[in-house]
Visitor: 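Structure provided below as structure tokens; questions to follow.
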Amino acid sequence: MQKLRAILHFSFSPYVIDIREEYPLCSRESYLRATRRGVSVPESECTICNINLTLVLPPDFRLHYHTLSLWNKPGETNVPSSPRDRREHAMSLERGWTWQKVNGDRFTKKGYGNNLLMSRWISQVNIWKHHEAARSLGARVKTRSLRGTLSHVLERHARQMGISVDHAFELFAVAVSFGYLYIDHTKYLRVDLPLVLSGGFDG
């Protein structure tokens with residue numbers, strides 16, 4: 001479930017264009033040796049990363065690859081290091097990629113539910129087309145009253161911006177996707193509950 005929650009979290013980002021699970025890595029020497037022999041790299045010479053992300057990085061939107069290793073120690077913030085970690089890190093650096101080890105408990109059940117809900121609001125939306133409008137809504141939400149439920153908040157902004165309430169929900173999800181808003185993933189996001197914002201990432 002941690003991997004599933006992590007994948008949904010990263011798939012919600014507009015800068016992630018591809019996600020691979022259980023991605024194999026090997027050293028350049030192993031690859032060249034196997035290629036010369038016309039065989040596959042032996043499994044014993046590979047290491048499997050939990051998740052590999054393909055990102056497009058602004059401002060020029062060049063491709064970049066980032067590998068993640070998930071571990072499970074609830075409440076732990078000090079990331080342990082192991083020979084396997086160092087091997088994964090070295091193989092990633094050899095390719096010019098970045099590598100990160102993340103405690104899987106930062107991808108919470110509530111965060112998963114919140115991301116799943118918002119992804120439904122924009123499943124048929126070209127989020128890049130609404131980038132600027134979402135930035136504007138995000139700035140408004142952060143600087144104006146959060147009184148009432150999420151529906152009340154977005155209804156007020158929809159009325160003031162001259163847009164439909166449905167579109168306000170779309171822009172809200174796009175704003176979260178681009179990082180113009182951070183919601184508090186220690187609370188459930190629901191249309192009939194108050195909106196609680198966070199200062200940054202929290203699962």
Visitor: Where the side chain of T67 meets the backbone of L53, is there a donor-acceptor pair that is under 3.5 Å apart?
Guide: no

Visitor: Quick test of your reading: applying ring-ring contact (aromatic ring centres under 6.0 Å, His included), list the pairs with at least one residue in residues 32-61, sequence neighbours left out, ordered by first then second residue.
Guide: F61-W128

Visitor: State the CG-CG distance between N114 and L8, to the nearest 0.5 angstrom.
Guide: 10.0 Å

Visitor: To the closest 0.5 Å, what do you measure between CZ (R144) and CG (L137)?
Guide: 10.0 Å

Visitor: Are the charged groups of E88 and K101 less than 4.0 angstrom apart, N to O?
Guide: no

Visitor: Would R140 and R156 satisfy side chain to side chain contact (heavy atoms under 4.5 Å, CB included), going step by step from the backbone distance to the final call?
Guide: CA-CA 11 Å; R140 293 176 59 91; R156 289 197 297 271; over 6 Å; no

Visitor: Taking the side chain from S151 and the backbone from D192, do they hold a donor-acceptor pair closer than 3.5 Å?
Guide: no

Visitor: Got a second to check how far R20's CZ is from T54's OG1, nearest 0.5 Å?
Guide: 6.5 Å

Visitor: Does any donor atom in the side chain of H167 or E170 lie under 3.5 Å from an acceptor atom in the other side chain?
Guide: yes

Visitor: Mind checking what makes side chain to side chain contact (heavy atoms under 4.5 Å, CB included) contact with S30, not counting sequence neighbours?
Guide: C26, S27, R33, V41, E45

Visitor: With a 3.5 Å cut-off and no angle check, do the side chains of D166 and S164 form a donor-acceptor pair?
Guide: no

Visitor: Treating K110 as the side-chain partner and D184 as the backbone partner, does any N or O pair qualify as donor plus acceptor under 3.5 Å?
Guide: no

Visitor: Between H89 and W99, how do the two ring planes meet: parallel, tilted or perpendicular, split at 30° and 60°?
Guide: parallel

Visitor: Between atom NE2 of H185 and atom OG1 of T108, what is the distance when rounded to the nearest 0.5 Å?
Guide: 7.0 Å

Visitor: Tell me whether Y23 is reachable from I48 by hopping between hydrophobic residues (I, L, V, M, F, W, Y) whose side-chain heavy atoms are closer than 4.5 Å.
Guide: no

